[in-house]
Amino acid sequence: MKRIPILLIIMKAKNLFCILAVILAIVAGISSCSKNKYDPEDYITSLLSGEYKKDGMWKLHVSLNGDPLENYGYVRFESKYMEVGTFRFVDVIPGISNVEYEKVPLKMTEEGSAFTITDNNSGNDFTIEGIVSFGEMTVNLKMP
């Protein structure tokens, strides 16, 4: 009776199948990690983009000519790669209830991403200076 060699072949085939299955699983796992390059938009932007307000998750501090304001709305901030940003000021700037500034240059500093916006289209010349950092935005309105 020659049954032992057939069983031996079947056992070797099972072992070979298991080894191939493991190799395929490893290859599939490695190929699913196709994004090897660091993308700052994925991490930094998700941390800094959002709605900044006095009592919100992201804090907003507003001052007028260096004096802190008590009552103000919020700033919606969005950016890609933290090179330029879009700012929507809602009930923050005195006399302007809602205004948006796009493609505002951001400059990396030790405190965060600094920005300066000069508005002379609304009839009142004014400047907005600020810094966006982790969970916090500081805005100083410079108005005559």
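When reading the values below, keep in mind they use all heavy atoms of this one structure, side chains included, and skip hydrogens, waters and symmetry mates.
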Is there a side-chain contact (heavy atoms from CB on, under 4.5 Å) between Ile128 and Asn140 once you walk through the steps?
-> CA-CA 6 Å; Ile128 304 168; Asn140 183 31; over 6 Å; no
Let me see the working for Ile131 and Phe115 under side-chain contact (heavy atoms from CB on, under 4.5 Å), right down to the final yes or no.
-> CA-CA 6 Å; Ile131 295 178; Phe115 61 91; 5.7 Å; no
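Ion pair Glu70/Lys54 flagged as a salt bridge, since at least one NZ, NE, NH1 or NH2 atom sits closer than 4.0 Å to an Asp/Glu carboxylate oxygen.
Separation of atoms NE2 (His61) and OG1 (Thr138) is listed at 5.5 Å; rounding is to 0.5 Å. Between the OG1 atom in Thr116 and the NZ atom in Lys107 there is a gap of 9.0 Å [rounded to 0.5 Å].
Among all heavy-atom pairs drawn from Ser133 and Gly112, the shortest one is CB-CA, 4.2 Å. Pairing each heavy atom of Phe126 with each of Met143, the nearest pair is CB-CG, 3.7 Å. Annotation for Pro144 and Asp125: closest pair CD-O, 3.2 Å, computed over non-hydrogen atoms. Contact detail for Ser49 and Ser79: the closest heavy-atom pair is OG-N, 3.3 Å. Taking each heavy atom of Gly66 and Ser63 in turn, the nearest pair found is C-CB, 4.0 Å. Residues Leu48 and Met82 come closest through the heavy atom pair CD1-CE, 3.3 Å.
Using modelled atom types, no side-chain atom of Ser113 and backbone atom of Leu106 make a donor-acceptor pair closer than 3.5 Å.
When side chains are defined from C-beta on, Tyr101 does not count as touching Thr86, because their heavy atoms never get closer than 4.5 Å. Considering only heavy atoms from C-beta on, Lys59 stays 4.5 Å or farther from Met137 through its side chain. Within the 4.5 Å cutoff, no side-chain heavy atoms of Val84 are placed close to those of Val104.
Of the candidates Val75, Asn98, Val62, Ile96, Phe89 forms a side chain to side chain contact (heavy atoms under 4.5 Å, CB included) with just one, namely Val75. Under the side chain to side chain contact (heavy atoms under 4.5 Å, CB included) rule, Tyr52 has a single partner from Phe77, Tyr74, Phe87, which is Phe77. Considering Glu78, Glu100, Glu102, Glu51 in turn, Glu100 is the only one that fulfils the side-chain hydrogen bond (donor to acceptor under 3.5 Å, both in side chains) rule with Arg88. Considering Asp119, Leu64, Ile117 in turn, Leu64 is the only one that fulfils the side chain to side chain contact (heavy atoms under 4.5 Å, CB included) rule with Leu141.
Residues Met57 and Val90 do not share a hydrophobic cluster, clusters being chains of Ile/Leu/Val/Met/Phe/Trp/Tyr side chains in contact below 4.5 Å.
Other residues, nucleotides and ligands place no more than 12 heavy atoms under 6.0 Å from the CG atom of Asn71.
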